[in-house]
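Step one of this worksheet: look at the structure below.
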Amino acid sequence: MKIGYPCINLTIGCKGDRTFRLKSYSEQRLIETVTNNINCLAAMLTFNVEHDLLFFRVTSDLVPFASHRVCQFDWHTYFKDQLTAIGSFIKSHNIRISMHPGQYTVLNSQDNEIFARSIKELEYHADVLDALGLDASAKIQLHVGGVYRDKRKSVQQFIDRYRNLNKRIKQRLVIENDDRSYTADDCIRIYEETGVPVLFDVFHHELNHSHSSITDVLATITKTWQAQDGIPMVDYSYHHPGGLRVSHAKSIDSADFERFLTITQPYDFDIMLEIKDKETSALKAVEIARGDMRFFHGKFTH
DNA sequence: CCCTGTCAAGTCACG
DNA sequence: CGTGACTTGACAGGG
């Protein structure tokens, strides 16, 4: 089990997700921004290793507009040395990496333009992970997409599109249950048709689930990850109970997290803590996991 | 320097 | 029909 947080670090004063407006695009601006973001990525990974945070999500903003037609720059070659070095660091410290394209990436879209842009975006994400030299255990997590008032048809569209993906993308793509349209059970059904691994989001499951319990789902999704995929990834967050607004908590609820670790004790997976204060909560989670080894039988990775 | 409207892109629920 | 939420605030022009 590895514990991590997504995309940006709020402690080290360098977040690595700098971007700019499309109107102000220039090759010079892109190079400056990507240089900053890559340097910050290296700094964040160094911080993480020093603090036993061995799971990290790389921001989709690493190379802004990379999948947009305005970007003709060969960033892949230009930054080859730096990316290779970061990839070596990741591998030598056994860090698990994920990426998560934004809400505009919709593989099952009914609009062919949106579909084509989504492919470009997935290619960009695969480019980043390939440039880092990472194997197929570095994943790109994606929601199934739109429902378009006909879930059966929309699921079939996803399956057809998935089957036609390049191997380069397919070997990295995993699907994640979302908070309103596709439940973990829906994702599992898609796995049965395609073999695509299922990333379990605990918070989304609480908002949008069928009958299955957390442990039922974990038992099933564990089987969707094959040897080359690595152990399952799980997104964990927490929302304030009883509140009118349903939103991610500012900081981790230690009791809830400990309860979660306890009920999921038979399963091994990497946990991404999607909590606003980022590494602060992830560090608390590491302390909880480390301090309560009787639950984990040593599965927590130091 | 501060303020704030706007930002590449999609889908869906809510009023 | 317009707005907000989603994985998230930051950019950039005007005062």
Side-chain angles (χ1 to χ4, degrees), chain A residues 4-10 13-26 29-30 32-33 36-37 40 44 55-71 97-125 139-151 153-155 157-158 161 174-183 186 199 201-208 233-239 243-250 271-279 281-282:
Chain A
Y5 61 96
C7 303
I8 57 172
N9 181 298
L10 302 176
C14 155
K15 295 195 288 187
D17 65 343
R18 243 169 65 186
T19 183
F20 51 86
R21 296 296 158 87
L22 181 59
K23 272 197 301 187
S24 50
Y25 182 92
S26 71
R29 189 71 191 269
L30 184 77
E32 283 170 20
T33 305
N36 169 78
N37 290 351
C40 288
M44 291 190 287
F55 187 20
F56 191 65
R57 184 181 300 161
V58 174
T59 177
S60 299
D61 279 332
L62 188 72
V63 184
F65 306 108
S67 72
H68 193 280
R69 58 193 151 66
V70 76
C71 179
I97 295 290
S98 66
M99 294 186 79
H100 192 349
Q103 67 265 39
Y104 305 109
T105 305
V106 185
L107 196 59
N108 74 344
S109 177
Q110 299 179 316
D111 181 326
N112 282 328
E113 300 278 311
I114 294 167
F115 169 58
R117 283 196 290 271
S118 297
I119 293 290
K120 290 256 181 229
E121 188 69 359
L122 290 173
E123 283 172 347
Y124 154 63
H125 284 75
K139 294 302 187 190
I140 300 168
Q141 62 187 91
L142 191 67
H143 295 299
V144 178
V147 173
Y148 313 108
R149 310 194 320 177
D150 185 344
K151 191 181 255 190
K153 192 172 149 212
S154 300
V155 164
Q157 177 79 299
F158 181 92
R161 295 257 171 88
V174 301
I175 54 173
E176 175 188 355
N177 56 306
D178 66 73
D179 59 352
R180 67 157 66 96
S181 301
Y182 291 96
T183 64
D186 292 328
L199 188 155
D201 186 309
V202 181
F203 180 56
H204 290 160
H205 183 71
E206 286 168 10
L207 298 175
N208 176 32
M233 294 176 173
V234 169
D235 281 356
Y236 170 91
S237 62
Y238 177 74
H239 60 98
L244 291 177
R245 286 183 312 121
V246 174
S247 62
H248 282 188
K250 283 191 188 62
I271 305 183
M272 181 65 66
L273 288 156
E274 294 187 328
I275 297 185
K276 289 215 186 301
D277 65 3
K278 303 286 179 184
E279 74 284 357
S281 283

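Each chain gets a letter, A, B and so on, in the order its sequence line appears, and its residues count up from 1.
Among the atoms of the strands shown, only primed sugar atoms or phosphate atoms (P, OP1, OP2) are found under 4.0 Å from some heavy atom of A/R29. Note on A/V147: only backbone sugar-phosphate atoms sit closer than 4.0 angstrom, heavy atoms only; bases stay farther off. As judged by a 4.0 angstrom heavy-atom cut-off over every strand, A/G146 is placed among residues touching the sugar-phosphate backbone only. Among the heavy atoms of the strands lying under 4.0 Å from A/S109 are primed sugar atoms or P, OP1, OP2 only; no base atom is included.
Remark: C1' of C/dT8 and CG of A/L62 are 16 Å apart, rounded to the nearest angstrom. Summarising the geometry, the separation between NE2 on A/H143 and C1' on B/dC12 is reported as 14 Å, rounded to the nearest angstrom. The NE2 atom of A/H204 sits 15 Å away from the P atom of B/dC12 (whole-angstrom rounding). Rounding to whole angstrom units, CG of residue A/N112 and C1' of B/dG10 are separated by 15 Å. Atoms CG (A/D179) and P (B/dC12) sit 12 Å apart, rounded to a whole Å. Regarding A/N37, its CG atom lies at a distance of 14 Å from the C1' atom of C/dC11, rounded to whole Å. Counting to the nearest Å, the P atom of C/dG9 and the CG atom of A/N9 are 13 Å from each other. Protein atom CZ of A/R149 is 11 Å distant from nucleotide atom C1' of B/dC12, rounded to whole Å.
With sequence neighbours left out, A/Q157 forms a side chain to side chain donor-acceptor pair (under 3.5 Å) with no residue at all. Judged as a ring pair (Phe, Tyr, Trp, His ring centres under 6.0 Å), and not counting sequence neighbours, A/Y182 has no contacts. By the ring pair (Phe, Tyr, Trp, His ring centres under 6.0 Å) test, A/F115 pairs with no residue at all, sequence neighbours left out. With sequence neighbours left out, the side chain to side chain donor-acceptor pair (under 3.5 Å) criterion links A/S154 to no other residue. Residues that satisfy the disulfide bond (SG atoms under 2.5 Å apart) test with A/C14, not counting sequence neighbours, are A/C40. Listed by chain and residue number, nothing satisfies the side chain to side chain donor-acceptor pair (under 3.5 Å) test with A/K120 (two or more places apart in sequence, or in another chain). The side chain to side chain donor-acceptor pair (under 3.5 Å) test applied to A/H125 returns A/S60, not counting sequence neighbours.
One P atom belongs to B/dC7, the other to C/dT3, and the distance between them is 13 Å to the nearest Å. Comparing the same atom, P, in B/dT11 and in C/dG9 gives a spacing of 25 Å after rounding to whole Å. Atom C1' of C/dG4 sits at a distance of 15 Å from the matching atom of B/dT6, rounded to the whole Å.
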Taking N or O atoms only and anything under 3.5 Å, show me the protein contacts with nucleotides 7-9 of chain B, one pair per line.
unit_1: B/dA8; atom_1: OP1; unit_2: A/L22; atom_2: N; d: 2.4

Table of protein N/O atoms under 3.5 Å from nucleotides 13-15 of chain B N/O atoms:
none

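Listed by first and then second residue, the salt bridge (charged side-chain N to carboxylate O under 4.0 Å, His left out) pairs that reach into residues 56-67 of chain A are A/R57-A/D235, A/R57-A/E274, sequence neighbours excluded. Counting only residues at least two apart or on different chains, the salt bridge (charged side-chain N to carboxylate O under 4.0 Å, His left out) pairs with a member in residues 139-151 of chain A are A/K139-A/D229, A/K151-A/D186.
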Watson-Crick or G-U pairs under 3.5 Å in DNA chain B, rendered as dot-bracket with [ ] for crossing pairs and | for another strand: |||||||..||||||
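Comparing A/T19 and A/P101, the nucleotide of DNA chain C nearest to each residue sits closer to the 5' end for A/P101.
Look at A/T59 and you won't find any side-chain N or O under 4.0 angstrom from OP1 or OP2 of C/dT8.
Judged purely by atom type and a 3.5 angstrom limit, A/R18 has no side-chain atom pairing as donor or acceptor with the backbone of A/E32.
Aromatic ring orientation, A/Y5 versus A/F56: perpendicular (interplanar angle above 60°, classes split at 30° and 60°). Between A/Y25 and A/F20, the ring planes lie tilted relative to each other; the angle falls in the 30° to 60° range.
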